[in-house]
Every structure is written in C-alpha cells, then in structure tokens.
Amino acid sequence: MKLVIAGGGGFRVPQVLRALTRAPFLDDITLYDIDPARLEVMRAVAEQFGLNLPITTQTDLHRAVSGANFVFSAMRIGGTCGRVTDERVALERGVLGQETVGVGGYAYALRTIGPALDLAGAVHEANPDAWIINFTNPAGIITQAMRTVHPNSVGICDTPIGLVRKVCRILGVDEAEASYDYVGLNHLGWLRTLRVDGRDLLPSFIASPELSCLEEARIIGEDWVRCLGMLPNEYLFYYYSARESLAAVSEGETRGEFLHRQQAGFYASAEADLSRAGQLWTRAHHEREETYMAEARSGEERAEEDMGGGYENVALDLMTALATGQPARMILGVPNEQMIPALGPDAIIEVPTRVDASGLHPQPPGPLDGPELGLVTSVKACEELIIDAALSSSRELAWRALATHPLVDSTRVARRILAEYEKRHGLFD
C-alpha cells in the first residue's frame, strides 16, 4: 500500500515517519512538497534515525498521489511567515490571532482551502477509494472543504483522545474497558462521560481532589470545570479565558514568531550540513515541545508527557484499522449527519468513532444543549461562512465570518483585520 505525506518537507514529518515503522502494510511512502531542499532534509533525518522505510520524494502533485491508498495532509500554506502575519495582524488590533481559533485560523483557512481542494481533486482523480487523513489546520474547516471534492476525507487531532487517556491514567482505568462521550468541533469539545462497567466515573472525578492532576483542569480552572460538570478540550482556554489569553500572547514573541525563527535556523543549518540533520532536528523538536501553548501552561505543565500519543499515532491507528480490518476506536472529525440536529449533515464534528476495514462508524453522542450548543453552532456557522468565502472569493462573507466569531467584539475591527490579511496574503486576487 502507498501513503503520500502532503507537506512532506514539514518540520513534524520525522514524528510521522517514526510511527510508520509500525506499519508493515506500507511498501511506498512518498513525501510530497513543493520545496525539494526541505524534502532532502527530511530524507536525511530519516536515514540518520535509522528508520529503514521505503521513502521516495516528489515535487509533482499528480505523480505523488498516483496509486495512493492513503494521503496524509499536513500542509502549511504560506509557511511560518504566514502564521506570524496571522497572529500579529490580529494582536495589533486587540484580537486573539491563534492559528486555529478565531481570526488567525480563518486567515489560515482562506489561503489554504484552494490548495487543499487541489490536493483532494488530484487524489479523487487518481483513486476515488483512497483515504485523505487531514491534519492541515484549521482541521475542521479544511476537512469539511475537502469532502466536497473527495468524500473519503477524515479529520484527525490528538487532543481529544489525549484528554481521555489522561483521565484513564489518573483513575487507573484501562482505556480499552472504558466507553466515553465526547462531542464538539476541532479544538472545541467536551468529554462528558467516561463509563466503566456501566458506571460514569466523571462526576466523582470532577468533584474529587484528583481533578488537580489533570492538565486541562489546571489550565482552564478547576472551579470552572466543576461548574461545567464536564471536561473541556484544552483549546477552550482561549474561549473561557479570552482576556487572559490575549494579554499573555500580547507580551513578547508570539508562538508563530518563535517557530519561524527556530525552523528557519533549523532548515538553514540542516541544508548546509545534511550530515547533522537528525541531530539538529532532535534539538529543535525538543525546544518546540517544551514551549507548546506556553501562554496557558506553567513550566512543569509544558514538560508533561503527551498522553495523546501524538497526531501521528492517531493517523497510524486509523490507517491500520482501515488497511488490516483490526478494529480501533478513536475520536475523529466526521460528517455530522444528524448527530447534532442544529448543524447541517455535512458539518464536520468530532465524536468517538469505530474504524474497521469497512470504514468509519461514528458513535452518536448524547444531546448537546445549553451554552455548549450555542458556542458550537456559532463557531460552525462562522467556519461555513469562511468555506463559502474561499469558494466564491467573497470579501463580504469573509467579513461576516470574522466579525461574528465569539472572540471578536467589533465589526469595524474585523473589517480592518480582514483588509490587512487581504493585503499581506493576496486574498481574493
């Protein structure tokens, strides 16, 4: 079987390649990227890590996806420079610019949807039965757009299953013996039950002192989690603590600026001396992980073990189940159908999903209501406006999306932000 990694010269590709050493069903791993120098760096890293994988590289999209069974989409259109712009343009106007939440994510989506549709179209033409596994951010928006061209597109993220695994670890529960109810959008969801032998363990856990052992509770606030009576995805920090998160990221270097500086240094050094590519990557990767969501975490929390296993392992579990028929359960971005009646059938939501050789089998969640339903429907409506804006090159739809997002408090400011994004990124040309 053949796997194509779109964005194959990207910084996180070695994480994916390490996971793929446990995928014996793959006999062709093609790294596709428009930057041949970065592809050579990734090839060198793989060789120096001794991964012994059947890797080829390709800069032509149609040649890359020819014969593909799986395509892992991890593109970054505009590079880290684009992320810096997304963050700074918003912050300079008093609005959060986080790349997957709010206006920063929407700027990212506006320049990414076109290339994502090109990828989906090329895959569909080459093999309509192939699976696109999307991690290109903002993942919910990009997956939903891709499905208009290639229905076998699914979104992945490691934060929801990471939340489940952290709770199971704290409670001493075997994840395989637990059932759980999780629902929401990408980077906006809640774990609402965790049952073992028919008993929901979450109410007593949330009420107990053990709640302080959960990183998400410390980030968002144990008192607020107890008030909610459910466990939020860590990215809800940006909604529940909007003022504090904005203040934190407004000080000093943004996340995008850090990554741009760090990765530019890594690629320049690695391209100059390919023999040190693996060593240089390991050092840069460690620094990157230590600073993840720094505005929300203390020093100890930044070093906490990743219980999600990383998005690369979610992708591996998904491919393994589809390729071998060995059933797996995970939380995926799938079409809503009628699971949340307030949303359209094609809306991408995140719910627990069983996967086997016959495909994806989402498990309908319990009813979503109250403020959580309001937040989900509001954000999804904005996401769909952004998709429509990208497809129709409409400034008006894009403005509506930015201006009505829950984290934006002024239509005029939203319009100025959009105008600056248009100028910097060449949108709607």
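Between the side chain of Thr148 and the backbone N or O of Ala145 there is at least one donor-acceptor pair closer than 3.5 Å. Thr59 places no side-chain N or O within donor-acceptor distance of the main-chain N or O of Pro36, the cut-off being under 3.5 Å. Remark: the backbone N or O of Phe266 is not paired with any side-chain donor or acceptor of Ser269 at under 3.5 angstrom. Formation of a donor-acceptor pair under 3.5 Å by the Ser66 side chain with backbone atoms of His62 is not found in this model. For the pair Ser241 (side chain) and Tyr238 (backbone), a donor-acceptor distance under 3.5 Å is absent. Using modelled atom types, no side-chain atom of Thr30 and backbone atom of Ala64 make a donor-acceptor pair closer than 3.5 Å. Here the side chain of Glu420 pairs no donor or acceptor atom with the backbone of Val89 at under 3.5 angstrom. Trp399 places a side-chain N or O within donor-acceptor distance of the main-chain N or O of Thr411, the cut-off being under 3.5 Å.
Atom CG of Leu391 has more than 12 neighbouring heavy atoms from other residues, nucleotides or ligands inside a 6.0 Å radius. Within a 6.0 Å radius of CD in Glu92, more than 12 heavy atoms belonging to other residues, nucleotides or ligands are found. Around the CZ atom of Arg415, the shell of radius 6.0 Å holds no more than 12 heavy atoms that belong to other residues, nucleotides or ligands.
No side-chain donor-acceptor contact under 3.5 Å links Asn134 and Ser153. Between the side chains of Thr100 and Asn137, no donor N or O sits under 3.5 Å from an acceptor N or O. A donor-acceptor contact closer than 3.5 angstrom is absent between the side chains of Gln279 and Gln48.
Between Thr404 and Cys382, the shortest heavy-atom distance links the atoms OG1-SG, 3.4 Å. Closest approach of Cys157 to Phe135, counting heavy atoms only: CA-CE1, 4.2 Å. Contact record, Leu318 with Leu360: CD1-CD2, 3.9 Å, taken as the closest heavy-atom pair. When all heavy atoms are compared, the tightest approach of Ile386 to Ala401 is CG1-CB, 3.5 Å. The shortest heavy-atom contact between Glu422 and Phe428 is CD-CD1, 3.8 Å. Closest non-hydrogen pair, Val65 versus Ala122, comes out as CG2-O, 3.7 Å.
To the nearest 0.5 Å, atom CZ of residue Arg424 and atom OG1 of residue Thr85 are 5.0 Å apart. Note that CG of Leu274 and CG of Leu280 are 10.0 Å apart. Values are rounded to the nearest 0.5 Å. Once rounded to the nearest 0.5 Å, the distance linking CG of Leu368 with OG1 of Thr377 reads 8.5 Å. Summarising the geometry, atom CD1 belonging to Ile29 is positioned 13.0 Å from atom OG1 belonging to Thr57; distances are rounded to the nearest 0.5 Å. Going from atom CG of Leu385 over to atom CD of Glu383 covers 10.5 Å, rounded to the nearest 0.5 Å. Residue Tyr180 holds its OH atom at 5.0 Å from CD1 of Ile331, rounded to the nearest 0.5 Å.
For the pair Leu31 and Leu17, the minimum side-chain heavy-atom distance is below 4.5 Å. In this structure, the side chains of Asn313 and Asp158 stay at 4.5 Å or more apart for every pair of heavy atoms. Looking at Val103 and His405, their side chains never come closer than 4.5 Å, going by heavy atoms from C-beta outward. Two residues are said to be in side-chain contact when any heavy atoms from C-beta on lie closer than 4.5 Å; Ile387 and Ile113 meet this criterion. Counting heavy atoms from C-beta on, the side chains of Tyr32 and Val71 never come closer than 4.5 Å. With a 4.5 Å cut-off on side-chain heavy atoms, Asn233 and Leu188 do not count as touching. Taking the side chain as every heavy atom from C-beta outward, Leu119 and Met146 approach each other to under 4.5 Å. With a 4.5 Å cut-off on side-chain heavy atoms, Asn69 and Leu3 do not count as touching.
Listed by chain and residue number, Asp35, Leu39 satisfy the side-chain contact (heavy atoms from CB on, under 4.5 Å) test with Asp33 (two or more places apart in sequence, or in another chain). With sequence neighbours excluded, the residues satisfying salt bridge (charged side-chain N to carboxylate O under 4.0 Å, His left out) with Arg43 are Glu40.
For the pair Arg288 and Phe11, the NZ or CZ position fails the cation-pi test of under 6.0 Å to the six-membered ring centre and within 45 degrees of the ring normal.
Taking the charged nitrogens against the carboxylate oxygens, Lys380 and Glu384 have no contact shorter than 4.0 Å, which rules out a salt bridge.
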side-chain contact (heavy atoms from CB on, under 4.5 Å) assessment of Ile142 paired with Ser73: CA-CA 10 Å; Ile142 301 305; Ser73 176; 5.5 Å; no
Glu271 vs Arg38, side-chain contact (heavy atoms from CB on, under 4.5 Å): CA-CA, chis, key distance, verdict: CA-CA 8 Å; Glu271 289 171 23; Arg38 291 195 171 194; 4.2 Å; yes
Ile141 vs Tyr108, side-chain contact (heavy atoms from CB on, under 4.5 Å): CA-CA, chis, key distance, verdict: CA-CA 10 Å; Ile141 296 174; Tyr108 193 5; over 6 Å; no
Pair Tyr239-His187, side-chain contact (heavy atoms from CB on, under 4.5 Å): steps then yes or no: CA-CA 11 Å; Tyr239 293 91; His187 290 179; over 6 Å; no
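Among residue pairs with one or both ends in residues 319-340, none qualify as side chain to side chain donor-acceptor pair (under 3.5 Å); sequence neighbours excluded. For the salt bridge (charged side-chain N to carboxylate O under 4.0 Å, His left out) condition, the pairs that include at least one residue of residues 53-82, sequence neighbours left out, are Arg76-Glu99. For residues 109-123, the pairs satisfying side chain to side chain donor-acceptor pair (under 3.5 Å) are Asp86-Arg111, Arg111-His425, with sequence neighbours left out.
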Show the atom names and distances, to 0.1 Å, of all donor-acceptor pairs under 3.5 Å that link a side chain in residues 342-354 to residues at least two apart or in another chain.
residue	atom	partner	partner atom	Å
Glu350	OE2	Asn186	ND2	2.9
Thr353	OG1	Val351	O	3.1
Arg354	NH1	Asp356	OD2	2.8

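Just one of Gln263, His260, Gln262, Arg261 meets the side-chain hydrogen bond (donor to acceptor under 3.5 Å, both in side chains) condition when paired with Thr80; it is His260.
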